Amino acid sequence: MAVIEFKNVNKRFKLYQNLSYSIKEIFINTMLRRWRLQVAYHPVLTDVSFRIEKGETVGIIGENGTGKSTTLKLISKILYADSGDVLVNGKVSALLEVGAGFQPDLTGRENVFLYGSILGLSKATITKKYDEIVAFAEMEEFMNSPVKNYSSGMYMRLAFAVAINVDPDILIIDEVLAVGDEAFQKKCIEKILSFKRQGKTIVFVSHDMGMVDRICDRVIFIKKGGHIVEGSTDDMINLYRRLVYNIVDEPEAQPVGENGKVKLMLHESHSHPMNNRYGNRKVEISRIYFSDVDGNIKNRFDTGEDIAVNVELKRNSDVHEIVFGYAVHSEGDVLVTGSNSRNHRIILKNQSDTARFRLIISNVLLEGRYQFTAEIHSSDQIDQYDILDRQYEFMVDQETVDGNGLVKIPVAWDIPEESSLR
Ligand SMILES: Nc1ncnc2c1ncn2[C@@H]1O[C@H](COP(=O)(O)OP(=O)(O)OP(=O)(O)O)[C@@H](O)[C@H]1O
């Protein structure tokens with residue numbers, strides 16, 4: 001049974017081009033005789049149809065501003081569709097923006113009652129659940145302070161604790177978990193998973209693909225312009241990563257989805273960031289993508305799984321010898337490693353106008369997000385042809401926690417026979 005169904009839903013927002021916000025603007029608009037407000041329409045959801053069945057946990061992902069929160073607000077009836085139908089069967093508890101539903105000047109305690117009543121709980125029920133809510137939020141000593149003094153993490157703790165205690169049929173969560181600390185996030189995830197085990201329905205928006213992967217049974221991907229693609233969690237996460245990290249589709253790419261639609265959409269949305277690119281382009285890097293050593297395109301690797309960087313070059317002038325340089329930076333901009341082909345006694349000699357090669361990185365990296373820099377120089381390293389500074393990203397996952405830091409460096413234990421440690 002579908003608990004949520006969108007049928008040909010369209011939603012667009014009005015954008016006012018010359019709205020006056022200040023006296024100065026009113027004056028200028030009057031002087032320029034711009035009496036009429038110019039209105040433009042920004043389509044957010046375009047002819048969107050999907051069904052979510054009872055007991056499913058569905059992720060909604062997509063780039064910034066593509067309409068994920070709008071979709072949740074339509075489900076929660078905070079917004080209404082311009083056309084089409086949004087059908088919802090069941091009690092919804094929505095955890096939307098951090099602090100939404102809270103009154104800054106009221107205390108935490110007062111806000112629990114307020115927020116609980118917004119979510120449909122009676123005063124008697126909130127009184128009964130109050131201690132449990134506060135204990136879950138671990139906020140005992142802050143309940144008599146006004147919430148305007150709370151950090152965003154504290155807001156989230158309290159809001160999550162109330163929302164989860166409403167005992168809804170459908171739980172809607174918009175990104176908010178990201179502001180919690182790691183321990184609290186873990187607790188929230190456990191609660192969501194127990195909610196899932198009870199056969200409840202969850203709709204979950206996040207940019208944290210690790211969390212989407214962990215929680216969701218399947219994923220709806222909203223692409224720019226408001227069309228959606230539905231698919232398995234893995235396929236949709238792959239699609240997201242390709243778009244967000246600008247992984248270029250290889251020429252004879254296998255469609256990500258079953259019907260080939262996804263591939264088309266990848267091409268439509270692809271844009272290459274040029275902001276950190278420089279060099280005279282006598283030879284240029286026309287394409288870079290990551291894959292495993294067998295050539296399967298991906299940008300998420302396990303520690304120990306080698307990373308193939310597939311590089312394609314285009315020659316624009318009479319240059320036949322080049323040096324390829326690379327660097328890997330971790331989050332926080334720490335240079336993990338960097339070198340070039342010349343250091344490895346290799347000068348790349350290109351005879352034709354295009355060339356391709358692979359750099360295989362022995363992956364000793366531990367869990368995290370990494371940025372890759374690619375550079376081409378002249379063989380004497382004086383001429384800079386093309387430098388793409390930290391333009392590509394990949395992720396490393398760790399199956400088991402066997403170390404902290406950035407890299408896994410092999411160690412050996414030397415414990416003498418006679419040692420009392422044996
Ligand atoms: N009330 C509104 N009036 C006008 N435009 C709006 C309104 N609410 C949202 N928008 C616009 O609609 C688009 C979709 O917004 P929405 O918040 O749904 O995106 P999102 O996918 O959740 O983004 P993010 O990943 O950044 O949270 C954005 O361009 C946003 O600026």
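Everything numeric in this text was worked out from a predicted model, so none of it was measured. First listed ligand is number 1; within each ligand, the first listed atom is number 1.
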Original post:
Quick one: does T373's side chain have a donor or acceptor within less than 3.5 Å of a partner on Y326's backbone?
Top reply: no

Original post:
Taking the six-membered ring of Y385, is NZ or CZ of K282 closer than 6.0 Å to its centre and within 45° of its axis?
Top reply: no

Original post:
With ring centroids as reference points, do Y289 and Y392 lie under 6.0 angstrom apart?
Top reply: no

Subject >> Side chain D217, main chain E56, donor-acceptor under 3.5 Å >> reply: no

**OP:** To the nearest 0.5 Å, tell me how far T337 OG1 sits from H329 NE2.
**Re:** 10.5 Å

One pair per line, please: each N/O atom of ligand 1 matched with every protein N/O atom under 3.5 Å away, atom names first, then the distance to 0.1 Å.
unit_1	atom_1	unit_2	atom_2	d
ligand 1	18 (O)	S69	N	3.4
ligand 1	18 (O)	T70	N	2.8
ligand 1	18 (O)	T70	OG1	2.5
ligand 1	19 (O)	G67	N	3.3
ligand 1	21 (O)	T66	N	3.1
ligand 1	21 (O)	G67	N	2.9
ligand 1	21 (O)	K68	N	2.9
ligand 1	21 (O)	K68	NZ	2.7
ligand 1	22 (O)	S69	N	2.9
ligand 1	22 (O)	S69	OG	2.7
ligand 1	23 (O)	G65	N	2.8
ligand 1	25 (O)	N64	ND2	3.1
ligand 1	25 (O)	K68	NZ	2.7
ligand 1	25 (O)	H207	NE2	2.8
ligand 1	26 (O)	N64	ND2	2.9
ligand 1	26 (O)	G65	N	3.4
ligand 1	29 (O)	H42	NE2	3.2

Original post:
With ring centroids as reference points, do Y370 and F301 lie under 6.0 angstrom apart?
Top reply: no

